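Accompanying notes for the structure given below.
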There are 2 protein chains.
Amino acid sequence: MKDANEILKAKGLRTTASRSGVLEAFRAHHHALSHSDLEKRLGKAFDRVTLYRTLNTFLEKDIIHKVLDDEGSAKYALCQHSDGDHHHNHVHFKCRVCTTSECLTEVSIPGIKLPEGYTSASANLLIEGVCIRCYGKE
Amino acid sequence: MKDANEILKAKGLRTTASRSGVLEAFRAHHHALSHSDLEKRLGKAFDRVTLYRTLNTFLEKDIIHKVLDDEGSAKYALCQHSDGDHHHNHVHFKCRVCTTSECLTEVSIPGIKLPEGYTSASANLLIEGVCIRCYGKE
DNA sequence: GTTTATGCAAATTCTTTGCAATACT
DNA sequence: AGTATTGCAAAGAATTTGCATAAAC
């Protein structure tokens, strides 16, 4: 996988401590992170406002995408392939034991037959259950 | 469909103007409503705080459920069958033209093959596209 | 009459914005 | 040097909480 610097360069963004830090945090975790998850992980290295702006910039540049969640708070995860609108048609899995969310990139969403007159542009599936790491712990 | 009063009684909740108003608003619209949608529709009949509390109460009692959304804001819709955990395994359709979300109750989510070791308890599918009312308007 | 729900005020938390100072290329 | 990014302060939303009043059963 590309390193933080390469990702930023490819998107025409400057390399800064906060951006690298956020990217590394995403790369170090297989599951989706919320704004507050990131704040905890990154400590007080930089301002909360910078984190808001960093996340928005990354969303615009398709470096990260939003992960759907039952609960309120938005979570984010790295986009795996940085081309096209791949980031639609994701399957996200949320474990009810450890409460983490992850993208199941290898799982694809089956074709859904919509009612007459409806057309689909993208689909996001959120599955809740128990992940492999928590199997048996329930 | 049960009327507002019956729904409330069945859940052991008192019938009040705000609760009836919120229930009627949901029954009058086929699509999901956010907190601010409801505020607009209900006007200043009651306090914003009451609306927060009413929505939370309805969520707890499984009268409404959260509808997933790409964007931040939480939306809610009536649960169709008030028994069991039916409200899982929903398909929600969001129209990119009129931006409304609705539950497609007649569509079911096909079985998904999860990676080894993962078990699924519920699934929520969010499809984005164009609804029948907006077909051709794009 | 007793219990539950509401309204109001205020406290928290979340998110955005403006602008000067700083860091990147 | 020139431009993009950050930090700080402050504004603006969104959401929650406490408590006295009012409404439902």
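Here is the naming used below: chain letters follow the sequence lines, and residue numbers restart at 1 for every chain. Predicted model only: the values in this text are computed from it and were never measured. These numbers come from the heavy atoms of this one structure, side chains and all, not from hydrogens, waters or symmetry mates.
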Contact pattern, 5' to 3', of nucleotides 11-16 of chain C - B, S or - by protein heavy atom under 4.0 Å: ---SBB
Reading 5' to 3' through nucleotides 19-25 of chain C, protein heavy-atom contacts under 4.0 Å coded B for base, S for sugar-phosphate only, - for none: ----BBS
Can A:Lys44 and A:Glu39 be said to form a side-chain contact (heavy atoms from CB on, under 4.5 Å), step by step? CA-CA 7 Å; A:Lys44 288 167 190 163; A:Glu39 260 190 329; over 6 Å; no
Would you mind checking if [Y] and [X] are paired as a salt bridge, meaning a charged N to carboxylate O distance below 4.0 Å?
{"X": "A:Arg96", "Y": "A:Glu128", "result": "yes"}
{"X": "B:Glu102", "Y": "B:Arg133", "result": "yes"}
{"X": "B:Glu6", "Y": "B:Lys9", "result": "no"}

Counting any heavy atom closer than 4.0 Å, what does A:Ser18 reach on the DNA or RNA strands: base, sugar-phosphate only, or nothing?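 Since only primed, P, OP1 and OP2 atoms lie under 4.0 Å of A:Ser18, the category is sugar-phosphate.
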Let me know the distance between [atom1] of [X] and [atom2] of [N], rounded to the nearest Å.
{"X": "B:Leu8", "N": "D:dA23", "atom1": "CG", "atom2": "C1'", "result": "15 Å"}
{"X": "A:Glu60", "N": "D:dA4", "atom1": "CD", "atom2": "C1'", "result": "14 Å"}
{"X": "B:Asp47", "N": "D:dA22", "atom1": "CG", "atom2": "P", "result": "15 Å"}
{"X": "B:Leu55", "N": "D:dT16", "atom1": "CG", "atom2": "C1'", "result": "14 Å"}
{"X": "A:Lys11", "N": "D:dA4", "atom1": "NZ", "atom2": "P", "result": "18 Å"}
{"X": "B:Leu51", "N": "C:dG7", "atom1": "CG", "atom2": "P", "result": "11 Å"}
{"X": "A:Lys61", "N": "D:dA4", "atom1": "NZ", "atom2": "P", "result": "11 Å"}
{"X": "B:Leu23", "N": "C:dA5", "atom1": "CG", "atom2": "P", "result": "14 Å"}

Taking C-beta and beyond as the side chain, do [X] and [Y] meet within less than 4.5 Å on heavy atoms?
{"X": "A:Arg53", "Y": "A:Asn56", "value": "no"}
{"X": "B:Lys66", "Y": "B:Leu59", "value": "yes"}
{"X": "B:Lys94", "Y": "B:Ser101", "value": "yes"}

Difference in axis direction between the ends of the helix from C:dG1-D:dC25 to C:dT25-D:dA1, five pairs, 10°: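 One end's axis against the other's: 40°.
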So, for B:Ala25 and B:Leu33, which heavy atoms are closest and what is the spacing to 0.1 Å?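 So the two residues come closest at O-CD1, 3.8 Å.
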Do B:Glu116 and A:Tyr135 have side-chain atoms, one donor and one acceptor, less than 3.5 Å apart?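 Short answer, no.
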Could you tell me whether A:Glu106 atom CD has more than 12 heavy atoms of other residues or ligands within 6.0 Å of it? yes
Pair A:His65 and A:Tyr76, ring centroids less than 6.0 Å apart: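 When the ring centroids of A:His65 and A:Tyr76 are compared, they turn out to be at least 6.0 Å apart.
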